[in-house]
Amino acid sequence: MTKRAAMKRQTREGVFDSRQFSEDSKVRRLPTPHTTSAWSPHPSNDDRDQSYLKTLKPKSEGQAELLNAIDTHNLCVALGPAGTGKTYLAVAKAVEALEAGKVGRIVLSRPAVEAGESIGFLPGAMEDKLAPYLRPLYDALSDRLTMKRVGALMAEGLIEIAPVGYMRGRTLNNAFIVIDEAQNCTYVQLKMLLTRLGWHSTMVVTGDPGQTDLLPSLSGLADVANRLEAVPEIAVVRLAEQDIVRHPLVASMIGVL
């Protein structure tokens, strides 16, 4: 072995020191793949299942009722305080339906209403202006799909995210529609959105009537939910504080605020 090759090997494997194997030695040099028989912390030839699939399971009776209502009704209204999983469960069921081939596309809509604070004029195209308002929907999607797959599905037109103002005049057939933050919609807007439902489609409307960014007299979610409750073919699910799955302090704050 040449001197240069010996130096390369010494650099790669380190210098052998018999003291590291003494009984009172506290620190030892970790073996490298070159010093052992092809050892690797991530062996590719083992029989373990490396795949990970997120299963959708309810964490409360209210969530179980909501999931069952989505499965058995074409129109479902989910009301409840923050942290009860309304948006997450609706988007998750939409992704599940799309992946199973039950629907041809997902349509997510959300009102572009500022949460009590004016953020001024936003530069860019329409997508850039609406991005801050629609970001929660992207977050819910990315939790079920990778952002790369979300981008690919959006490029193919299989996932569409649109503000409420661009929904008028449309008929959504063979689609899973999620209307998020519906407490920020007026009665007229909700009536328009609900009548977009087409053949072989499912619509889920989510919102918290007690957390509207509109004047209480302008928000139409509570009124619409009360009226739709009388229709047997429509499910109205009311989640409560015991269904909150966020930090325990959220449930405590909801109870006193």
Side-chain angles (χ1 to χ4, degrees), residues 63 65-67 69-98 102-115 130-141 143-144 154 158-214 218-229 231 233-239:
Q63 289 191 351
E65 181 184 357
L66 175 57
L67 291 176
I70 295 175
D71 289 333
T72 55
H73 295 77
N74 293 111
L75 178 56
C76 178
V77 181
L79 308 178
T84 51
K86 305 181 300 295
T87 301
Y88 180 83
L89 293 178
V91 173
K93 292 298 289 184
V95 172
E96 183 181 285
L98 181 65
K102 297 179 181 179
V103 296
R105 56 176 170 159
I106 297 175
V107 179
L108 308 178
S109 184
R110 199 170 189 263
V113 177
E114 296 166 348
L130 296 173
Y133 302 103
L134 304 178
R135 185 65 202 180
L137 296 178
Y138 286 101
D139 293 338
L141 279 174
D143 199 67
R144 303 298 300 180
M154 292 184 67
L158 300 181
I159 294 181
E160 177 186 352
I161 301 180
V164 170
Y166 291 86
M167 297 291 287
R168 184 175 295 278
R170 304 183 62 184
T171 301
L172 303 174
N173 295 319
N174 192 28
F176 197 112
I177 308 110
V178 178
I179 310 298
D180 190 35
E181 296 292 327
Q183 76 273 5
N184 290 332
C185 294
T186 65
Y187 181 88
V188 175
Q189 286 177 320
L190 283 174
K191 183 178 179 180
M192 179 271 295
L193 290 169
L194 293 172
T195 53
R196 300 307 96 200
L197 185 65
W199 292 102
H200 308 292
S201 293
T202 299
M203 178 180 289
V204 181
V205 181
T206 69
D208 178 11
Q211 200 177 16
T212 178
D213 296 313
L214 304 176
L218 294 179
S219 177
L221 180 59
D223 189 15
V224 167
N226 292 334
R227 291 170 182 263
L228 294 181
E229 222 164 4
V231 182
E233 295 82 6
I234 299 176
V236 178
V237 180
R238 300 182 184 272
L239 302 174

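- The shortest side-chain heavy-atom distance between M154 and Y138 falls under the 4.5 Å cut-off.
- In this structure a side-chain-to-backbone donor-acceptor pair under 3.5 Å is present from R196 to M192.
- Counting only heavy atoms from C-beta outward, the side chains of V77 and E229 never approach each other to under 4.5 Å.
- Among pairs with a residue in residues 180-191, those fulfilling salt bridge (charged side-chain N to carboxylate O under 4.0 Å, His left out) read R110-D180, R110-E181, at least two apart in sequence or across chains.
- Scanning both residues, L239 and K86, for their nearest heavy atoms gives CD1-CG, 3.7 Å.
- Going from atom CD of Q211 over to atom CG of L221 covers 12.0 Å, rounded to the nearest 0.5 Å.
- Among residues two or more places apart in sequence or in another chain, the side chain to side chain contact (heavy atoms under 4.5 Å, CB included) test is passed with A222 by P209.
- Atom NE2 of H200 and atom NZ of K102 lie 15.0 Å apart (nearest 0.5 Å).
- With hydrogens and angles disregarded, a donor-acceptor distance shorter than 3.5 Å links the side chain of T212 to the backbone of Q183.
- Using a 4.5 Å heavy-atom cutoff, the side chains of V205 and L228 are not in contact.
- A distance of 10.5 Å separates CG of L67 from OG1 of T72, quoted to the nearest 0.5 Å.
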Test log, rule side-chain contact (heavy atoms from CB on, under 4.5 Å), inputs V178 and K93: CA-CA 10 Å; V178 178; K93 292 298 289 184; over 6 Å; no
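- Across all non-hydrogen atoms, the minimal contact from D208 to A82 is OD2-N, 4.0 Å.
- Closest heavy-atom contact between A225 and V236: O-CG2, 3.9 Å.
- Residues V224 and Y187 have side chains in contact (heavy-atom distance under 4.5 Å, counting atoms from C-beta outward).
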For side-chain contact (heavy atoms from CB on, under 4.5 Å), just list the numbers for V231 and L75, CA-CA rounded to whole Å, side-chain angles, deciding distance to a tenth of an Å, and then say yes or no. CA-CA 10 Å; V231 182; L75 178 56; over 6 Å; no
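- Rounding to the nearest 0.5 angstrom, the gap separating the CG atom in N74 from the CD1 atom in I177 is 9.5 Å.
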What do the steps show when you test E160 against Y166 for side-chain contact (heavy atoms from CB on, under 4.5 Å), and what is the final call? CA-CA 12 Å; E160 177 186 352; Y166 291 86; over 6 Å; no
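- Remark: of the listed residues M167, R168, R170, M167 is the sole one forming a side-chain contact (heavy atoms from CB on, under 4.5 Å) with L193.
- What you find for F176 and I70 is that their closest heavy atoms are CZ-CG2, 3.8 Å.
- Atom CD of Q63 is separated from atom OG1 of T84 by 7.5 Å, given to the nearest 0.5 angstrom.
- A donor-acceptor pair is defined here as one N or O able to donate and one able to accept, closer than 3.5 Å; no such pair exists between the side chain of T186 and the backbone of S219.
- Between atom CG of residue L137 and atom CG of residue L108 there is a gap of 5.0 Å, rounded to the nearest 0.5 Å.
- For N184 against P111, the heavy-atom pair with the smallest separation is CB-CG, 3.8 Å.
- Closest non-hydrogen pair, A69 versus A235, comes out as CB-CB, 3.7 Å.
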